[in-house]
There are 2 protein chains.
Amino acid sequence: MALDHAILVSLLEKPGSGYELARRFERSIGYFWTATHQQIYRVLKRMEGDGWVDVRDVAQQGRPDKKEYSVAEAGRVALSAWLAAPIEPESVRHDLAVKIRGAAFDDPASLIGEVRRHRQVHTERLAHYLAGEKRDFGEPSDRDEPLHAERELQHVVLRGGIAYERMMITWLDDVLGTLARFETGR
Amino acid sequence: MALDHAILVSLLEKPGSGYELARRFERSIGYFWTATHQQIYRVLKRMEGDGWVDVRDVAQQGRPDKKEYSVAEAGRVALSAWLAAPIEPESVRHDLAVKIRGAAFDDPASLIGEVRRHRQVHTERLAHYLAGEKRDFGEPSDRDEPLHAERELQHVVLRGGIAYERMMITWLDDVLGTLARFETGR
DNA sequence: GCTTGCTATGCAACGAGGTGCATAGCAAGA
DNA sequence: TCTTGCTATGCACCTCGTTGCATAGCAAGC
C-alpha cells in the first residue's frame with residue numbers, strides 16, 4: 001500500500017497535521033494520489049504506533065490545537081525499503097472508457113454532454129497545473145544553480161500531470177468527433 | 001461502482017462465462033479496467049439474483065461445463081441509467097509519482113532501473129495495442145461503409161490507450177533525463 | 001498410474017477505502 | 001445570543017478488491 005508512503009513523502013517535504021495533509025491531498029499530492037481525511041488520520045495513528053512518525057502537540061491562537069507529525073527514523077527506513085522494491089505499473093480504471101464502449105448499446109450521441117463536461121474538468125486541471133508550474137518553477141534562474149533534488153523531482157512529476165491532461169483533452173476531442181458522427185439526424 | 005457496468009458492457013459485446021470474462025479483463029477490457037475472477041464470479045452471482053443477467057448451462061466436450069451469462073432486460077435498463085448519470089473524472093493514483101518525489105529524500109539515481117522497467121512495460125503495451133489496432137481496425141475498408149457504433153467506439157477507446165502509452169513513454173524519458181542528472185559522479 | 005496443466009467455479013478472510021456522523025475550538029456577523 | 005463556517009480530530013459501518021485456498025473435469029505426457 002502506497003498511501004503510507006505518500007504520507008511519509010509529504011511529511012518529509014513538510015511536517016504537518018492530519019488536517020493539513022488532507023488539504024495537500026486536495027492539491028499538489030492529490031494530482032497523483034487521493035485520500036480522505038479519514039484515511040489520513042487512521043494511517044497517521046497506525047504509523048505513530050509503529051514508530052514511523054513522531055507527534056508534537058502544537059497550540060495555536062485563534063484555532064483549535066493541532067498535532068504536528070514528522071517522519072521518524074523508522075519511517076525513513078520504511079520509505080527507503082519501499083523505494084528500493086519494484087512496483088507493478090498501475091492498473092488503470094477509466095469509468096469513461098466503459099461508458100463509451102457501453103454507449104454503443106444505447107444512444108452514443110447522448111454521451112456528448114458528459115464527455116464535454118470531462119473535457120472541461122481536464123482543461124481546468126491543465127490550467128491549474130500550468131499556473132502552478134509558472135509560480136513554482138517559472139524562473140529559469142541563473143544556470144549553474146546547484147541541483148535541488150526535491151524541487152527538480154516535484155517539477156518532473158508536475159510535468160507528468162501536464163502531459164496527462166494535454167493527452168486527455170486531445171483524446172476527448174477525438175471521442176467527441178467520433179460521437180458526433182452518431183448524432184441522430186434531427 | 002462500475003465493475004457491474006463493465007461486465008454488462010462486455011456481456012453485451014459477447015455473452016460468456018465468468019472464466020471467459022476474467023480472460024477478457026486480462027486483455028481488451030483490461031486496458032482500462034481490471035478485475036480478478038473472484039470479483040467477477042461474485043458480481044455475476046449478485047447480478048443474477050437481481051435479474052440483470054440470464055444464465056444458461058452449457059455442456060462442453062473436452063472441458064468442464066460452463067455457465068454462459070447474457071444481459072437481461074433489467075441489466076440493459078440499469079446500464080442505460082448509469083450511462084445517463086454523470087460520473088466524476090477519475091482520481092488518479094500513481095505509485096511511481098510518489099516514488100519519484102520520495103526519491104528526493106533517498107538516492108534519486110537508484111530509481112533509474114525501476115523507471116526503465118516501467119518504460120519497458122509501457123513500450124510493450126503500446127506495441128500490443130498497435131498490433132491490435134492493425135488487426136481489428138487496420139483496413140480503411142470502403143468508405144461510405146455504414147457506421148458501426150460498437151466498432152467505432154471500441155476503436156476510439158483503443159486510440160485512448162495508445163495515446164496514454166505514448167504519453168507515458170515520453171514522460172518516463174523526461175523522468176530518466178531528470179534522474180540522470182543526480183547520478184553520483186562515479 | 002501419476003503428474004502436470006489448463007478450464008471452470010467458488011468460499012473465507014482480510015485490508016483498503018469511502019460515507020455518514022459526531023465532537024469541539026474559535027471567529028465573525030446577524 | 002445565536003447561527004454560520006472554518007479548523008481539527010475521530011468513530012462506526014459498509015463495500016470493494018485482493019489473497020489464499022479448495023474443488024473438479026479433462027487432456028497430455030512420462
Side-chain angles (χ1 to χ4, degrees), chain A residues 1-8 10-11 15-27 29-30 32-50 53 55-69 82 87-88 90-95 98, chain B residues 1-8 11 15-27 29-30 32-50 53 55-69 82 87-95 98:
Chain A
M1 203 240 325
L3 176 56
D4 299 37
H5 307 103
I7 288 176
L8 287 175
S10 191
L11 288 178
S17 67
Y19 189 84
E20 285 162 355
L21 282 170
R23 280 189 304 173
R24 288 186 214 169
F25 273 80
E26 289 167 5
R27 321 174 30 261
I29 311 282
F32 51 89
W33 202 272
T34 57
T36 62
H37 77 276
Q38 290 303 337
Q39 290 177 69
I40 292 166
Y41 283 124
R42 205 183 307 157
V43 170
L44 282 174
K45 182 152 277 189
R46 196 187 66 231
M47 292 201 296
E48 187 191 342
D50 292 344
V53 294
V55 200
R56 191 169 68 91
D57 281 314
V58 176
Q60 301 186 111
Q61 69 273 40
R63 300 177 172 192
D65 299 349
K66 66 174 180 179
K67 297 183 182 178
E68 195 184 74
Y69 291 87
W82 180 70
I87 48 172
E88 286 310 298
E90 5 61 68
S91 49
V92 190
R93 299 207 162 177
H94 281 291
D95 294 71
V98 177
Chain B
M1 202 240 325
L3 176 57
D4 299 35
H5 307 102
I7 288 176
L8 287 176
L11 288 179
S17 69
Y19 190 82
E20 285 162 356
L21 281 170
R23 281 190 304 174
R24 288 186 214 169
F25 273 82
E26 288 167 5
R27 318 174 32 260
I29 310 284
F32 51 87
W33 202 271
T34 59
T36 63
H37 76 277
Q38 290 303 337
Q39 289 176 70
I40 292 166
Y41 284 124
R42 204 184 308 156
V43 170
L44 282 174
K45 183 151 275 189
R46 195 187 67 230
M47 292 201 296
E48 188 192 341
D50 292 345
V53 293
V55 201
R56 192 168 69 91
D57 280 314
V58 175
Q60 300 186 113
Q61 69 274 39
R63 301 179 170 189
D65 299 350
K66 66 175 181 178
K67 297 183 183 176
E68 195 183 75
Y69 290 87
W82 179 70
I87 51 172
E88 286 311 297
E90 7 61 71
S91 48
V92 189
R93 297 207 164 177
H94 281 291
D95 295 72
V98 177

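Every chain is numbered from 1 and lettered A, B, ... according to where its sequence line falls, protein lines coming before strand lines.
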Of B:Asp65 and A:Trp33, the one whose nearest nucleotide on DNA chain C sits closer to the 5' end is B:Asp65
Minimum-distance pair of heavy atoms, taken over all atoms of B:Thr34 and A:Arg93: O-NH2, 2.7 Å
Does a side-chain N or O from [X] land closer than 4.0 Å to OP1 or OP2 of [N], or not?
X	N	answer
A:Gln38	C:dT19	no
B:Tyr19	C:dT7	yes
B:Lys66	C:dT7	no
A:Ser17	D:dT9	yes
A:Tyr41	D:dG10	no
A:Lys67	D:dG10	yes
A:Arg63	D:dC6	no

Can you measure [X] atom [atom1] to [N] atom [atom2] for me and round it to whole angstrom units?
X	N	atom1	atom2	value
B:Glu68	C:dT9	CD	C1'	16 Å
B:Met47	D:dC16	CE	P	12 Å
A:Ile40	D:dC11	CD1	P	15 Å
A:Leu3	C:dG18	CG	P	9 Å
A:Gln39	C:dG15	CD	C1'	12 Å
B:Lys45	C:dA12	NZ	P	11 Å
B:Asp4	D:dC16	CG	P	7 Å
B:Leu44	C:dG10	CG	P	9 Å

If you look at every strand shown and take non-hydrogen atoms under 4.0 Å, does B:Gln60 touch a base, only sugar-phosphate, or nothing? sugar-phosphate
Does some side-chain heavy atom of [Y] sit less than 4.5 Å from a side-chain heavy atom of [X]?
X	Y	answer
B:Val53	B:Leu8	yes
B:Val58	B:Lys67	no
B:Val98	A:Trp82	yes

Indicate, yes or no, whether a donor-acceptor pair under 3.5 Å links the base of C:dG18 to the side chain of A:Arg42. yes
N/O donor-acceptor pair, side chain A:Gln61 with base C:dG25, under 3.5 angstrom: no
The side chain of B:Pro64 lies closest to which of these nucleotides: C:dT9, D:dT7, C:dT7? C:dT7
Spacing of A:Glu20 atom CD and A:Tyr69 atom OH [to the nearest 0.5 Å]: 12.0 Å
